2 protein chains.
Amino acid sequence: MKNISNAVIKRLPRYYRYLDELRANGVERISSGDLSRMMNVTASQIRQDLNNFGGFGQQGYGYNVNYLFEEIGSILGLDKEHRMIVVGAGNLGQAIANYANFDKRGFKIVALFDSNHELIGKKTRNGEIKDIEEVYDFVKTENIEIVALTLPKEPATEIAMKLLDCGVKAFWNFAHTDLEVPDNVIVENVHLSESLMELTYKLSEQSQVGK
Amino acid sequence: MKNISNAVIKRLPRYYRYLDELRANGVERISSGDLSRMMNVTASQIRQDLNNFGGFGQQGYGYNVNYLFEEIGSILGLDKEHRMIVVGAGNLGQAIANYANFDKRGFKIVALFDSNHELIGKKTRNGEIKDIEEVYDFVKTENIEIVALTLPKEPATEIAMKLLDCGVKAFWNFAHTDLEVPDNVIVENVHLSESLMELTYKLSEQSQVGK
DNA sequence: ATTAGATTGTCAAATTATTCACAAGCATAC
DNA sequence: GTATGCTTGTGAATAATTTGACAATCTAAT
């Protein structure tokens, strides 16, 4: 399989979101030109991106919204169920666990774990919060694919290293650190403070306009 | 001022994080070569990136960690205080408000707002959660620069549009929608579900290795 | 003071990503 | 059934980004 560039992958979820909206509004077909105007990108980029995965469109017609939506979903792996746990059941962990749309996309949050005894036992949509000590046996027996790490960097690093031995294939990492993992393990970082710093960069740049 | 590419900006917070750690460990100087090995990037890229903003290093010596840390901080606008509010005081909003490190970087979370009467009045580190109806007067009188939108897309869009008229200069947008704002207003998006989709793309790609 | 070694800043080359442009081919109206 | 108009897929051109290479020059050892 041809290697797809990261720039393309990063754009797919946005296409998926727009197609979902079009679908919800009963739109049956869309041309790259119309979609490009909606999304503020070039039509050429849309066509080029989609062509990495095959010809989904038809000359003189455009793309079938439903079909393209399903195809992109399948490219993104959303046609399969993904069993996840959340490690760190503070506000952020609970926010993720409670986010209903993940369910809709095939993400099953099977359990939450924490080391804080005030949280352990607390009921959530996804069952009672479990003791972090149980997490290693849990992932071995429950076939867990993705671990969301929503806790400070020191425990996150330590726990992630131990979880590697338990067969976890992917981390969704909210801790402010770069996890070091073998090549066959995926790490997707969400560094909120970095995103906020990009924002303040743009703010100070903005305040210089014309200077 | 020369226009700096987005690719460069996105890397600055990571440099900043590594420099902060070096500083905390008492490291005084660092060469682009050593830093490149720590960070898994090329030394050339580090030098090229930094040179967009001026010559911070010295031949035969490298970079002074403290000085470079401060300089990057100032480029990112972290030398100034930024007054923020959080709109949507659910788990995600509270997670952001409670994140202590933001304070350290000059982000002052002045208040939280919500429309849910069960949340209004609840005490947090940043004062009682206020009624969303009060937000418009609040930003006008309290000189608010950044609004974090941690609520579903429909109310997020509606409230953001009204806040534009109140002089808000930047949105940190967690809602799953692309806000449409004038050119002089900044939107920084954090689309969690899109990040999770990138992860599952990589997972399915991974499972194909060698096929 | 001199010298050997290290490391930057920067120019040029290589690579990657985006946009342009158009032939090929389908849809639709007549 | 034919003609017109639309829209894709794709090869080529352009633009942006990353990497390589090295002269200039600083540090530090003797």
Side-chain angles (χ1 to χ4, degrees), chain A residues 1-15 18-19 22 27-72 75 194 198 201-202 205, chain B residues 1-15 18-19 22 27-72 75 194 198 201-202 205:
Chain A
M1 188 177 168
K2 174 170 59 168
N3 206 62
I4 308 293
S5 90
N6 215 256
V8 175
I9 305 310
K10 282 193 175 300
R11 285 192 289 265
L12 291 182
R14 186 153 178 264
Y15 295 142
Y18 274 85
L19 287 164
L22 286 168
V27 178
E28 270 184 28
R29 59 185 260 193
I30 186 95
S31 70
S32 60
D34 288 347
L35 189 56
S36 76
R37 277 179 288 277
M38 285 178 58
M39 295 186 66
N40 266 98
V41 295
T42 63
S44 182
Q45 180 163 78
I46 293 175
R47 294 203 299 278
Q48 195 80 269
D49 282 352
L50 296 178
N51 256 90
N52 282 293
F53 304 98
F56 300 134
Q58 208 156 39
Q59 285 112 320
Y61 176 90
Y63 299 88
N64 179 286
V65 170
N66 256 295
Y67 174 65
L68 188 56
F69 175 78
E70 294 295 340
E71 284 295 321
I72 294 180
I75 291 164
E194 300 191 358
E198 284 173 49
Y201 172 81
K202 290 176 195 161
E205 193 189 32
Chain B
M1 187 177 167
K2 174 170 58 169
N3 205 61
I4 309 293
S5 90
N6 215 256
V8 175
I9 304 310
K10 282 192 174 301
R11 285 191 292 264
L12 291 182
R14 187 155 178 261
Y15 295 141
Y18 274 84
L19 288 165
L22 286 167
V27 177
E28 270 184 28
R29 58 185 260 191
I30 186 93
S31 70
S32 60
D34 288 348
L35 188 58
S36 77
R37 277 179 289 276
M38 287 178 57
M39 296 187 64
N40 266 100
V41 295
T42 64
S44 184
Q45 180 163 77
I46 293 176
R47 294 204 297 279
Q48 192 82 272
D49 281 353
L50 296 179
N51 257 91
N52 282 294
F53 304 100
F56 300 134
Q58 209 157 34
Q59 284 114 321
Y61 176 90
Y63 299 87
N64 177 286
V65 170
N66 256 295
Y67 173 65
L68 188 55
F69 175 78
E70 293 296 339
E71 285 294 321
I72 295 180
I75 291 164
E194 300 190 0
E198 285 173 48
Y201 172 82
K202 291 176 194 163
E205 193 189 32

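Keep in mind that what you see is a predicted model, and the values were worked out from it rather than measured.
- Residue pairs that meet the salt bridge (Lys or Arg N to Asp or Glu O under 4.0 Å) test with at least one member in residues 54-64 of chain A, sequence neighbours left out, do not exist here.
- Across the protein-nucleic acid pair, I4(A) atom CD1 and dA17(C) atom C1' stand 13 Å apart, rounded to whole Å.
- The main-chain N or O of G33(A) is never found under 3.5 Å from a side-chain atom of R47(A) such that the two would form a donor-acceptor pair.
- Atom CG of N6(B) is separated from atom P of dT18(C) by 12 Å (rounded to the nearest Å).
- Taking the side-chain contact (heavy atoms from CB on, under 4.5 Å) definition, one finds that T42(B) meets it with S44(B), Q45(B), sequence neighbours left out.
- The outermost nucleotides of DNA chain D lying under 4.0 Å from heavy atoms of chain A, listed 5' to 3', are dC6(D) to dG11(D).
- If you take CZ of F56(B) and C1' of dT8(C), they are 13 Å apart, rounded to a whole angstrom.
- For residues 50-68 of chain A, the set of pairs meeting the salt bridge (Lys or Arg N to Asp or Glu O under 4.0 Å) definition, not counting sequence neighbours, is empty.
- To the nearest angstrom, P of dT18(C) lies 12 Å from NZ of K10(A).
- Under the side-chain contact (heavy atoms from CB on, under 4.5 Å) criterion, E71(A) pairs with F56(A), Y67(A), not counting sequence neighbours.
- Within residues 34-46 of chain A, the residues approached by DNA chain C to less than 4.0 Å at the level of any non-hydrogen atom are T42(A), S44(A), Q45(A), in residue-number order.
- For the salt bridge (Lys or Arg N to Asp or Glu O under 4.0 Å) condition, the pairs that include at least one residue of residues 60-70 of chain A, sequence neighbours left out, are R23(A)-E70(A).
- If you check dA17(C), dA27(C), dC20(C) against the side chain of A7(A), the one that comes closest is dA17(C).
- A search for ring pair (Phe, Tyr, Trp, His ring centres under 6.0 Å) contacts involving F69(B) returns Y16(B), not counting sequence neighbours.
- For R29(B) and Y63(B), the positive end is not near the middle of the six-membered ring at less than 6.0 Å and at most 45° from its axis.
- Straight-line distance from the CZ atom of R47(A) to the C1' atom of dT18(C): 13 Å, rounded to whole Å.
- Every residue was checked against the salt bridge (charged side-chain N to carboxylate O under 4.0 Å, His left out) condition with E28(A), not counting sequence neighbours, and none meets it.
- Atom P of nucleotide dT28(C) and atom CD of Q59(A) are separated by 14 Å, given to the nearest angstrom.
- Remark: Q58(A) is in phosphate contact with dA27(C), judged by side-chain N or O atoms under 4.0 Å from OP1 or OP2.
- Residues of residues 64-71 of chain B having a heavy atom closer than 4.0 Å to DNA chain C: none are found.
- Side-chain atoms of Q48(A) and base atoms of dT19(C) include a donor and an acceptor less than 3.5 Å apart.
- Sequence order on DNA chain C of the closest nucleotides to I30(B) and R29(A) puts I30(B) first from the 5' end.
- Among residues two or more places apart in sequence or in another chain, the side-chain contact (heavy atoms from CB on, under 4.5 Å) test is passed with S31(B) by D34(B).
- Residues passing the side-chain contact (heavy atoms from CB on, under 4.5 Å) test with V8(A) are I4(A), S5(A), R11(A), D49(A), N52(A), F53(A), sequence neighbours excluded.
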